[in-house]
Every structure is written in C-alpha cells, then in structure tokens.
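Notes for the one structure printed next.
Just so we're on the same page: letters track the sequence lines, and every chain starts at 1.
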Number of protein chains: 2
Amino acid sequence: MYGIDSSPIRKAFELARTIENPINLSIGQPHFPCPPNIIDAMAEAAREGKTAYTLTGGIPELKEAMARKFLSENGIKYATPDRILVTSGISSALFLLFNALVNPDDECLVISPYFLMYPSMLKFYGAKVLTVKESFGTDDLNSFRKKKIKLIIFSNPSNPTGKVLSKEQLTALANLAEETGAYLISDEIYELFDYDKKFYSIGKDYDKTITLTGFSKTYNMTGLRLATILAPEEVIKALTTLQQYTVVCAPSVTQWAGIEALKTDMSSYIQDYREKRDFVYESLKDFYPLEKSGGAFYYFLKVPIQDEEFTKLAITSKKLILVPGFIFCENKDHVRLSFATEWDNLKRGMTALQELSKELAN
Amino acid sequence: MYGIDSSPIRKAFELARTIENPINLSIGQPHFPCPPNIIDAMAEAAREGKTAYTLTGGIPELKEAMARKFLSENGIKYATPDRILVTSGISSALFLLFNALVNPDDECLVISPYFLMYPSMLKFYGAKVLTVKESFGTDDLNSFRKKKIKLIIFSNPSNPTGKVLSKEQLTALANLAEETGAYLISDEIYELFDYDKKFYSIGKDYDKTITLTGFSKTYNMTGLRLATILAPEEVIKALTTLQQYTVVCAPSVTQWAGIEALKTDMSSYIQDYREKRDFVYESLKDFYPLEKSGGAFYYFLKVPIQDEEFTKLAITSKKLILVPGFIFCENKDHVRLSFATEWDNLKRGMTALQELSKELAN
C-alpha cells in the first residue's frame with residue numbers, strides 16, 4: 001500500500017487553493033453543477049426514507065434502467081440486470097475488479113497514455129503492467145498474442161488525451177482478449193463527451209467485455225459515488241460478494257438519483273464542451289503540435305521542455321495550473337489540460353499558453 | 001475472495017420478502033426512519049452543489065464536529081481532526097484497516113461472540129483468528145500475553161449480544177495491546193444504544209486506540225455509508241492513501257448530513273428501545289436462560305435445539321425470522337433476536353418464542 005503515491009492531480013487541486021485567482025485547467029470533473037432534477041430525485045428518495053442498505057448489487061430499478069440504456073444507447077443486447085453491478089464510483093469498480101481478478105505477476109495490458117489509477121492499482125496487486133500506445137494498429141498487438149495476459153484495460157474516450165478509439169482498434173483488442181483469455185475492460189466514464197460521434201462500445205460486439213459506466217463525469221456527481229459494471233454473470237457474482245465485505249452497497253439515495261440522471265438530456269452541456277474543445281484547438285494549434293481532441297474534456301499537450309518544469313513555470317509565471325504528463329505515461333514531455341471550465345478562465349488559459357510558447361521559443 | 005460466504009443475515013432478509021406477514025426480528029438496523037432534519041441537511045447540501053469529490057480524508061467541517069463529539073461525549077482529549085478519517089461506513093473502515101494492517105499468518109484477537117465480518121475479513125487477509133469470550137476476566141487474557149498479536153477487535157456495545165464491556169475489561173484489553181504491540185480496535189457503532197449508561201470509550205484512557213464510530217445505526221443511515229475512524233496520525237495517513245485508491249471519498253452529501261446528525265437529539269428513540277429491551281427480557285426470562293441486554297438492539301438467545309434447526313422451525317411454524325448464532329461464534333446453540341422493530345411485531349415475536357419454548361419442552 002505504501003507504494004501508492006498521493007496523486008499529483010490532487011496536489012494540483014490543493015495548490016490551486018493557495019494561489020490568488022489562478023487559471024485552473026487541471027480539474028478532472030465538469031465545471032457545471034449537477035442538474036437540479038437529479039438533486040431533486042436524491043432529496044425525494046431521502047424523504048421517502050430510502051436511507052437503508054440496498055441490496056449489495058444495487059437497487060433493481062437502477063439495474064433495469066441501465067440495462068435499457070445499454071441496449072438503446074450502446075447497442076448492447078445482452079445487458080440484463082443480472083449482468084450489472086452498482087458500485088461506489090469507478091474507483092470502487094476498479095478496486096473490485098483488480099482485487100478479484102489480478103494475482104501477483106499477472107501481465108496486464110494498459111493503453112498508454114492511461115488513467116493513472118490503472119497502473120498504480122495493478123502494481124499494488126503485484127501485476128506486471130505492459131503498455132501499448134493509443135495510436136496502435138492491429139499489427140502492433142502481435143507481440144502480445146503469445147503472452148498470458150490477465151486483463152486489458154483502457155478508458156474510451158481517454159483520460160488524459162481525449163482520444164476516441166476506432167472500431168478497428170477496439171475489435172483488435174477484443175480479438176486479442178479472446179485469443180489470450182484476457183478480461184477486456186472498457187472504461188466508458190466519458191462516453192457522453194463524444195464530440196464527433198465516433199465513440200463505440202466494444203461490448204456491443206464482444207459479450208465478454210467488462211464495461212464500466214460512471215455517473216460522476218457526465219452529471220457532475222463525482223462526490224456522490226456511483227458507477228456500474230456490466231460483465232459476464234460469474235464475474236458480477238464474484239464482485240458482488242467482495243462488495244458485501246467492503247462498502248456493502250453504493251449510497252442508496254445516489255442510486256435513486258442515478259435513475260433520474262439517465263433521463264436527463266445533457267446535449268446542451270456537451271455542446272458547450274464541444275465549442276470549448278474547438279476553441280482550444282484553434283487557440284493552440286499554431287503554438288504546440290496538436291491533434292484535435294475527440295472526447296472527454298482534455299488535451300494532452302506536447303510541451304517544449306520537461307513536463308514538470310513546464311507546469312512549474314506555468315504556475316509561477318502565469319498562475320496557470322496544469323497536470324504534468326508523466327503520471328499518465330512513460331514520457332515527460334506532455335501536460336494535461338482540462339477545458340471543463342468557464343469561458344473566461346479558458347480564454348485566460350489559452351493566452352497564457354500562447355505566451356509561454358513564445359517565451360520558451362526565445 | 002471466494003472463501004467469503006454470502007451473509008446469512010442477508011439471506012434472512014431475502015427470505016422475509018417471500019413470506020406473507022412475517023415476524024421479522026432479524027434486522028440489524030433501526031426500524032425508525034432517519035430523522036427529517038438530517039434528510040433536509042443532505043438535500044440542502046446537494047442543492048448547494050456539494051456533489052463533487054471531497055478531500056479524501058473527509059470534509060474538515062465533519063472532522064471538526066467529530067473531534068468535538070469525541071471530547072464532549074467520549075472524554076477523548078486528543079481527538080484532533082488530523083487523527084480522524086471519514087469513511088463509507090464501518091465496513092469500509094474495516095476493509096481499510098485490515099488491508100493496511102494485516103499480513104498473512106498474523107494472529108488477531110476477536111471477542112466472541114463477534115460481528116461476523118471481523119473473522120471473515122481477517123481470514124480473507126490470511127490472518128489467524130484467536131477468540132476470547134466476552135465474559136472474560138483479566139486473567140483470561142494471560143495466555144495471549146506472550147503472543148505476537150497484530151490486532152484486537154471488538155464491538156462495544158456488542159452485535160450480536162448487546163453486551164457492554166466493563167471498564168475493567170477494556171483496560172485489560174488496552175494493557176494487552178500495549179504489551180503485545182497490537183492495534184486495539186474499538187468498534188463503537190452502537191454507542192448511543194447504551195441503556196444503563198455503562199458504555200465506556202477505551203480511547204479515553206489509551207491513546208493508541210483505533211475508535212470506529214458509525215452513523216448508520218444511530219440515525220438509520222445504513223444506506224448512506226458514513227463512519228469515521230479515530231486513530232494515531234500515522235495510521236490515518238496510511239488509510240487515507242488507501243482510500244484514495246478505492247472509494248476516493250465518502251459520499252459528499254452524506255458527510256454534510258453527518259454534521260447535522262451529530263446535533264440531533266436521539267434520546268426519545270433510545271428510550272423506545274430501552275423499553276423494548278425490558279419488554280423482551282420480561283417476556284422471555286421464564287422461557288429461556290437470559291441475561292438482560294445492555295446495549296445495541298439485540299438479544300443473543302440460548303435455544304434448546306441447534307440454532308439452524310430452531311430458526312427453521314421458527315420460520316415454518318411461526319413465520320418468525322431470526323438469525324442463527326453460528327455465524328457470530330463457534331457454538332450452535334444461540335439465535336440473534338433484534339428488538340429494533342414496531343411494538344406489534346415485537347409482541348407477536350415474543351408470543352411466538354414463548355410458544356416455541358413450550359412446544360420444544362413437550
């Protein structure tokens with residue numbers, strides 16, 4: 001346990017509190033408030049006395065609503081309630097999965113750059129972490145085919161890059177999982193933040209996929225701790241037993257809020273972020289090597305000096321808070337920029353980044 | 001993980017759903033609703049937008065309120081916010097503690113009868129579980145003094161017996177912890193259910209105590225997942241890091257509800273349970289060997305046949321749902337009875353138990 005370091009993201013968060021009027025582009029959650037109908041549903045559930053333990057696996061009403069969502073929005077036909085487990089957020093889901101599935105020395109494949117918790121937690125369970133770049137083609141997976149891989153995990157769309165994996169890439173990963181007997185874990189917490197309608201749930205084609213869906217990012221419910229796992233029934237059974245001996249169940253009122261969340265139209269929120277995604281691209285494309293982000297609310301920006309030097313310079317000279325890239329990949333030449341913020345803040349941030357680029361070029 | 005069996009308590013809960021008009025005395029949570037001011041505080045927190053991640057260790061306001069509570073109600077003077085961690089319920093607290101502290105083959109001492117999760121979880125982490133009866137005297141601990149004990153854990157008041165440990169017993173446990181270097185874990189989730197004012201927090205005298213305080217039982221917030229750990233600062237730091245990689249933080253709105261809960265006068269609820277405690281004693285003392293329960297909302301009833309036979313007979317012939325005692329101790333001659341229920345239900349249950357006693361005597 002002591003091998004897990006405190007997250008630099010949260011350190012950035014702490015730092016932001018100490019600087020006056022900072023430009024904070026480090027935050028990994030939406031800037032808009034949780035929609036009021038969801039709040040109302042939670043308050044209503046509490047008033048109706050829904051404050052007791054729920055079934056360990058989650059309330060049937062939410063599991064049924066999720067099954068309908070998987071069918072209508074993700075095209076996944078086999079998503080019955082028996083294949084769904086409600087958890088206390090994606091982190092809790094990852095903990096259950098890794099605790100249940102991973103043994104020491106297991107080889108696990110992670111798409112890089114990666115959500116920092118994947119390799120940290122996998123190493124905590126003694127796994128060996130293999131990586132492949134997110135730009136991989138089918139042939140790039142050949143070297144893994146003869147290995148005994150325990151699981152393959154990725155976030156799609158990606159935190160920290162905003163990359164949306166192509167159907168070809170996802171199919172190649174599913175084939176690799178089938179060949180090697182690996183569990184395929186598709187973390188789809190950013191699925192609604194899909195600006196060019198290119199997101200694809202590989203669970204649609206590969207029914208052994210373990211699909212993670214969170215409510216935190218989509219509805220700004222990060223503090224309410226709610227996510228679901230769709231997986232083969234024997235996996236769900238094992239995870240449910242483990243959940244009973246850890247958090248027991250996801251928060252009851254939050255589960256009721258989740259049902260309302262699924263009915264909420266988020267398109268205007270997504271459109272706002274689409275415009276911000278475009279604005280960042282237009283603002284920075286002449287200053288940094290840049291591909292347009294396809295999803296989530298991040299850019300993974302290549303910077304001309306070492307990442308930690310860059311983030312330090314950004315804070316001290318521009319009050320601009322970013323996250324150094326080394327926590328998301330093996331290299332030290334990127335920073336993560338979140339555009340989940342107000343326009344004013346984003347504009348100040350783009351000006352700061354333009355100035356930094358010019359100053360570093362001199 | 002597969003060694004952890006599904007809890008018979010929850011099986012009883014499932015069974016209760018299938019019987020028409022059962023007498024359910026198996027429930028491990030209060031029968032009264034969560035007080036409305038607590039609900040209101042939670043709804044208010046949500047409306048104010050407090051739906052985002054909190055600090056991993058919990059909101060400072062709740063930690064400060066808990067520090068004041070430990071001082072004024074438990075007489076614990078060293079309870080500063082730095083020594084407090086907010087968790088997603090007691091189960092989550094136990095998970096954090098056992099995961100961080102217990103290594104395979106560690107010897108851990110549990111007071112018997114015990115909360116079933118203690119030995120289950122300890123065994124899951126590979127620990128060897130030693131037990132001592134809750135009626136122990138100081139001398140009964142002598143055989144443990146030469147051992148290398150990793151931790152000592154008990155619930156006080158006790159689930160499943162309602163036993164409130166004496167100050168002498170607690171002092172003996174603290175002395176044993178000090179001598180053997182064991183962590184002393186006092187699970188005080190039932191502290192308010194203390195009918196004869198005999199409950200004592202050993203943390204008051206022994207500052208290395210790890211004190212667990214839950215909100216679930218006191219305020220009927222079992223589904224809201226909230227508890228706190230008071231422990232030496234280095235323990236809190238280690239647990240906080242681990243929490244960051246599991247549930248991240250306790251539910252945000254629940255933490256705000258917790259502050260309001262601490263201000264809530266529960267004395268009328270406690271008085272109701274005190275009367276029920278007495279009523280059960282008067283109803284059953286001539287039918288079963290019985291000591292008056294001192295706390296929590298349980299009796300651990302010695303029955304004239306094997307526990308599982310008795311619970312089966314109670315269901316089939318009286319529609320009475322109880323929990324077999326074998327899950328709480330090494331013996332098979334007790335059942336757990338919860339008096340956290342409506343008067344009508346409790347009266348029906350006492351009649352059923354009187355009848356069962358008579359029928360079995362014939």
Full working for ring-ring contact (aromatic ring centres under 6.0 Å, His included) between A:Y245 and B:F98:
CA-CA 11 Å; A:Y245 283 81; B:F98 295 168; over 10 Å; no
How long is the gap from CG on B:L224 to NZ on A:K50, to the nearest 0.5 Å?
13.5 Å
With a 6.0 Å cut-off (strictly less than), is the heavy-atom count around OH of B:Y183, excluding the residue itself, greater than 12?
no
Do you know which of A:A46, A:P33, A:C34 has the most heavy-atom pairs with chain B at a distance under 4.5 angstrom?
A:A46
Highest number of heavy-atom pairs under 4.5 Å with chain B: which of A:A93, A:S91, A:S216, A:A43?
A:S91
Heavy-atom count around B:D344 CG within 6.0 Å, excluding the residue itself: above 12?
no
Contact between B:S92 and A:T246 at the side-chain level, heavy atoms closer than 4.5 Å - yes or no?
no
Engaged part of B:R225 at the chain A interface, taking heavy atoms whose separation is under 4.5 Å
side chain
Max heavy-atom pairs within cutoff under 4.5 Å with chain B, candidates A:T222, A:V247, A:T240, A:V253, goes to A:T222
Does any part of the side chain of B:L242, heavy atoms only, come nearer than 4.5 Å to the side chain of A:F124, both counted from C-beta?
yes
Please state whether the side chain, the backbone, both or neither of A:A257 comes within less than 4.5 Å of a heavy atom of chain B.
neither
Find the distance between CG (A:N99) and CZ (B:F95) and round it off to the nearest 0.5 Å.
6.5 Å
With respect to chain B, which residue among A:K237, A:Q255, A:E44, A:R47 yields the maximal number of heavy-atom pairs within a distance under 4.5 Å?
A:R47
Main chain of A:N220, side chain of B:T51: is a donor-acceptor contact present, judged purely on distance under 3.5 Å?
yes
Which heavy atom of B:M117 sits nearest a heavy atom of A:Q244, and at what distance?
CE-O, 3.3 Å
